[in-house]
K.L.:
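Here it is, the structure, as structure tokens.
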Amino acid sequence: MTDARTDRLGFVHCPLVRHSAEREQNLPERQACDPQARTILIVGETVILRVARDSATSLLPLADLERAPGRREQVFLGTLEGRPVLATLAGPDAAHAFNDEAIYKVLDLRAIAIQGIVSAEELGILATAKALLHWHAYHRFCSQCGTPTSLSCAGFRRDCGACGAQHFPRTDPVAIMLVARGDRCLLGRQSRFPPGMYSCLAGFIEPGETIEDAVRRETYEEAGVRVGAVRYLASQPWPFPSSIMIGCIAEALDDGLTLDRTELEDGRWFSRDEARLMLEHRHPDGLFTPLPFAIANGLIRSFVDG
Ligand SMILES: [Zn+2]
């Protein structure tokens, strides 16, 4: 992605060569024999980082895994500059083995993204690892017959030995939209947001629905505003746990608001100047937008820049 409005987004730069056509041969255990191999280690919901004075990385030498008790699934994500990159999932208890060592840091992925402590490229690899391992952690049984399934295809499939079903990792599409009418845009806040933060409306795309219709439905349901034209801007992997955010600019057909208070604590129209002040954290009432790593920021920035 080279668009100046969106190239600061988190999780969008992933330099892995995925070798997706060769996954039957690229078994994680075979890749792990390569002395150049590295692994991401996710314990529960957190990532293990190796820290030095001026840098940090989640790409660990495989010997570090010996510290983690109760190791479970391992997947092969691809290669990075020719070196195999694996991802390993361990139970949350394994974090204790790293907590007391100065060379390690245990952080959740959101904090890693906000703090910017690994490179943008490594953040993209982490998003892949987090979403894929979460799927393994929560999809251990066949949805057709209930039998425990086993990892296959380098970790990009699970197979059922009883009924033969093959199960693939899921990605859940979310439409996120900057709804604009002339010189104003519609932003809302959920009660879980930090005080003062307003963001774009968003919602899961349902089966049988186009992206455009999901934008129209969610905007009408949450704010009572009818939407006409919808334009795609950019997308962002969002591994919490396994979504892809599909960012759109939507044109409102009216500006009367009827908020769904179960979804939104507040929502209102903001002028372009006001939205700019919110992006720059200079709004007189202390209102602000999500940080630049989130696609909502890129959508609002796109509106502000016209
Ligand atoms: Zn089955």
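As the structure lists them, so they are numbered: ligands from 1, and atoms in each ligand from 1. Positions are given from 1 along the sequence.
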K.L.:
Does atom CZ of R170 have more than 12 heavy-atom neighbours from other groups under 6.0 Å away?
P.N.:
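Not more than 12 within 6.0 Å, no.
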K.L.:
Parallel under 30°, tilted from 30 to 60°, perpendicular over 60°: which one fits the rings of Y138 and H134?
P.N.:
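Geometry flag for H134 against Y138: parallel rings.
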K.L.:
Could you name all protein N, O or S atoms found under 2.8 Å from the Zn ion (ligand 1)?
P.N.:
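The answer is C142 SG, C145 SG, C160 SG, C163 SG.
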K.L.:
Ignoring hydrogens and angles, tell me if any N or O in the side chain of E22 forms a donor-acceptor pair with the backbone of H19 under 3.5 Å.
P.N.:
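No: the side chain of E22 does not pair with the backbone of H19.
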K.L.:
Please answer whether the main-chain N or O of G203 pairs with a side-chain N or O of E218 as donor and acceptor at a distance below 3.5 Å.
P.N.:
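Not a single qualifying donor-acceptor pair exists.
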K.L.:
What class does the angle between the rings of H281 and F288 fall in, given that below 30° is parallel, 30 to 60° is tilted and above 60° is perpendicular?
P.N.:
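Ring orientation, 0 to 90° scale: parallel.
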K.L.:
Just checking, R272 and F303: is the charged tip under 6.0 Å from the six-membered ring centre and within 45° of the axis?
P.N.:
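Judged by the rule (NZ or CZ under 6.0 Å from the ring centre, within 45° of its axis), R272 counts as positioned above F303.
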